[in-house]
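Before any comments, here is the structure.
No experiment lies behind these values; they were computed from the predicted model shown. Letters go in sequence order (proteins before strands), and every chain restarts at 1.
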Number of protein chains: 2
Amino acid sequence: MPKKVSIADLAMAAGVSKTLVSMVLNGKARENGISPDTEKRVIEIAQKLEYRPNLFARGLRMGKSNSIGLILPDISNTFYAGLARSVEDIARKHNYSVIMCSSDENKETELKLLQLMTEKQADGIILASTLDDEKQIRDILGDDFPLVLVDRHWDNSHYPVIKVDNLDGTKKATDYLISKGHQKISIMTIGPSHLSTQTERIEGYIKSLETHNIKVLRNYIVEIPHNDINRCICTSIYTWRSTNTMPTAIIAANNFIALGCLDCIINNKLSIPDEISLVSFDDIELFHYSNPSVSAIAQPIKKIGEAAFDCIIKKINNPQLHIGDVILSTELIPRNSVKNIK
Amino acid sequence: MPKKVSIADLAMAAGVSKTLVSMVLNGKARENGISPDTEKRVIEIAQKLEYRPNLFARGLRMGKSNSIGLILPDISNTFYAGLARSVEDIARKHNYSVIMCSSDENKETELKLLQLMTEKQADGIILASTLDDEKQIRDILGDDFPLVLVDRHWDNSHYPVIKVDNLDGTKKATDYLISKGHQKISIMTIGPSHLSTQTERIEGYIKSLETHNIKVLRNYIVEIPHNDINRCICTSIYTWRSTNTMPTAIIAANNFIALGCLDCIINNKLSIPDEISLVSFDDIELFHYSNPSVSAIAQPIKKIGEAAFDCIIKKINNPQLHIGDVILSTELIPRNSVKNIK
DNA sequence: TTTTTTATCTAAACCGATTTAATGTTTAAA
DNA sequence: TTTAAACATTAAATCGGTTTAGATAAAAAA
């Protein structure tokens, strides 16, 4: 079992002080007037003994870990997995590593993870929060801790936010459906909740309808609890049918709901798009292959991750710095789930 | 900006030594004969000052980080994302955290990540390797480092392996196709490579054919480079067509290939399953929704992650311990991509 | 020759925890 | 009264780095 080689071992082997070794290995030989001969010798010895720095020791002394925390609802969900990957890539380029965690849409888990991140000395945190407000977060992290919110946020957040223009996204989707002749359009969202993504998506939907002078019907705005998606979708469809108020199109406010719709509509022997059209917020690979393929509002996942990292780095380097929110735009990808009924 | 509270601060505030505070906070008050009064007082002060341990300091002193590395080809790929999630969950239950990284099927990246994990003081590593052999790994980690291989491995590996019975998996798939009357069956794998998953899957395919006295044809075993999947699948199909040797069924050795097949077959105006049947190794959600839905060999992802963690924990607690490989079984999930041509 | 400079290098403190080896007090036993 | 045992607590070392504030010796200037 090869014992770990420390800087003291190198110093011993080279017959110099720990200080000198540390300086050399950090490329500070020149500026500290260390002779080129000594520098070379130390470097060679370090290589020969296969020296590997202990990042805990360095982190402890420097008060910096070169790692950031990434807390998402579920890293195995396609959307968040892509986001995680994006953050990982850009972080590695900047010599940072990422500690990823799933909160499972559970507030207590999220708070515990935030706690853990600080104990693990994360220099900053990127968070897609499931909380209703940021009070508890500020209690745990303090106001100046480098934290960036992605995807979800609260009004007037103290922390910077990286998000997509949700309102515009559903507006585009609704406009699109209306342009295809649809008037009876439903939107299905996760709720009841304070999730900004969901409320903004409803707003966009309403805005579009109002612009086109279509009456907003309460029973077409459906809130679905995140832990019982499929059953509730079926219930809605059943209700519409029995009251003869079936919409001609559904906007699913995220990919889970869209998948639920796919399942439920099939189970109800309804045909997409002939009997009902579908547009999903979030574009996942599946929608390209599904039967039928599903029209979707795509989010620029890679850009979101990069913007979030960019933001967190700036905050780490200057915690006082005020950083404005970043709002990225979405793209409508038409496929075969929308029928032209004009 | 609230300064960090250290154990020294608590000691000062409580009028006791750091030693005592440390003992109390680690629940060792009783065994060290600390009076209940003192214990209570220290705990209260710790709560009031909102003390949070610095895990770097603890890790440095204890030589243990309570974190493990998880290196996968790509955490945004559905299969690996699920695996990552599984490892994360079981790790958290055991008070471990996971540092996840993607190697991008790149050998140098993988080696660098292994290096990084040791510097970050990971207590153990779970690895789905993209390397051809384990020599370099042993150079970096040493023989006794707690490392567990998942998904992929090499023959006679020094390190324990958690995997699925790949041979049996493709054998089941091939048997199934044969039972539906297919004789001209192709298998498409990622290659050329030493990836155990791929070679074993070919073996299972061959074994089944031989059992049924069907001749194994060289041009039905297709190796596809991982960076140019779709084009190569199309080329194969084109070649078969022009030589009039089109198979009636394809076994895709992983989900990427299956998706490629879906794309290419559609582009070639072929119909699944009428003109060609398809079975995929790896079951992903998409196959349930695709058109047609795709029959697949499902791997027990959750179990793989749990077994890997179980194994790594044992190794961490006793690096000398010999642990046998774990081989989990797959399940064939029939859907609509296979035609009965008997 | 004495004083400065310059060029090299280092001792020791520090980061925040854990742990070892004592230390000082009481109380109980001899 | 002396000795031993039980009790409660702590000083100091340690983990492996970085950094501050000198130290030493040789060369240059006075």
- [ ] Determine yes or no for a side-chain-to-main-chain donor-acceptor pair under 3.5 angstrom, with B/Ser65 supplying the side chain and B/Gln121 the backbone.
- [x] yes
TODO: Taking A/Arg41 for its side chain and A/Ala14 for its backbone only, find out whether a donor-acceptor pair lies under 3.5 Å.
DONE: yes
Open item on the list: I want to check one thing: is the phosphate of D/dG17, taken as OP1 and OP2, less than 4.0 Å away from some side-chain N or O of A/Tyr51?
Closed with: yes
Open item on the list: Does a side-chain N or O of B/Lys4 approach OP1 or OP2 of C/dC15 to a distance below 4.0 Å, or not?
Closed with: no
TODO: Find which nucleotide of DNA chain C each of B/Leu55 and B/Asn32 is nearest to by heavy atoms, and output the residue with the more 5' nucleotide.
DONE: B/Leu55
Once you round it to whole Å, what is the distance between [atom2] of [N] and [atom1] of [X]?
X: A/Arg30; N: C/dT8; atom1: CZ; atom2: P; result: 9 Å
X: A/Lys28; N: D/dT20; atom1: NZ; atom2: C1'; result: 12 Å
X: B/Leu25; N: C/dT19; atom1: CG; atom2: P; result: 13 Å
X: A/Lys18; N: D/dG16; atom1: NZ; atom2: C1'; result: 7 Å
X: A/Leu20; N: D/dG16; atom1: CG; atom2: P; result: 20 Å
X: A/Ile7; N: D/dC15; atom1: CD1; atom2: P; result: 15 Å
X: B/Met12; N: D/dT10; atom1: CE; atom2: P; result: 13 Å
X: B/Ile34; N: C/dT19; atom1: CD1; atom2: P; result: 13 Å

TODO: Assess whether salt bridge (Lys or Arg N to Asp or Glu O under 4.0 Å) is satisfied between A/Glu31 and A/Lys28, documenting all intermediate values.
DONE: CA-CA 6 Å; A/Glu31 69 193 70; A/Lys28 296 181 181 165; 5.7 Å; no
TODO: Run the numbers on B/Glu306 and B/Arg85 for salt bridge (Lys or Arg N to Asp or Glu O under 4.0 Å), then give the verdict.
DONE: CA-CA 10 Å; B/Glu306 288 168 350; B/Arg85 185 62 216 267; over 6 Å; no
Is there any protein nitrogen or oxygen under 3.5 Å from a nitrogen or oxygen in nucleotides 5-7 of chain D, and what are the pairs?
none

Task: Selection: residues 57-68 of chain B, any non-hydrogen atom under 4.0 Å of DNA chain D - done: B/Leu60, B/Arg61
Open item on the list: Just by distance, no angles: are the side chains of B/Glu110 and B/Ser129 close enough, under 3.5 Å, to form a donor-acceptor pair?
Closed with: yes
TODO: Would you indicate which nucleotide in D/dT19, C/dC9, D/dG16 comes nearest to any side-chain atom of A/Ser6?
DONE: D/dG16
Open item on the list: Counting only side-chain heavy atoms from C-beta out, which of C/dT10, C/dA17, D/dG17 sits nearest to A/Asn54?
Closed with: D/dG17
TODO: Remember a base hit wins even if backbone is also touched, and classify A/Ser35 as base, sugar-phosphate or nothing at under 4.0 Å, heavy atoms.
DONE: sugar-phosphate
TODO: Rounded to 10°, tell me the angle between the two end axes of the helix from C/dT1-D/dA30 to C/dA30-D/dT1, each built from five pairs.
DONE: 80°
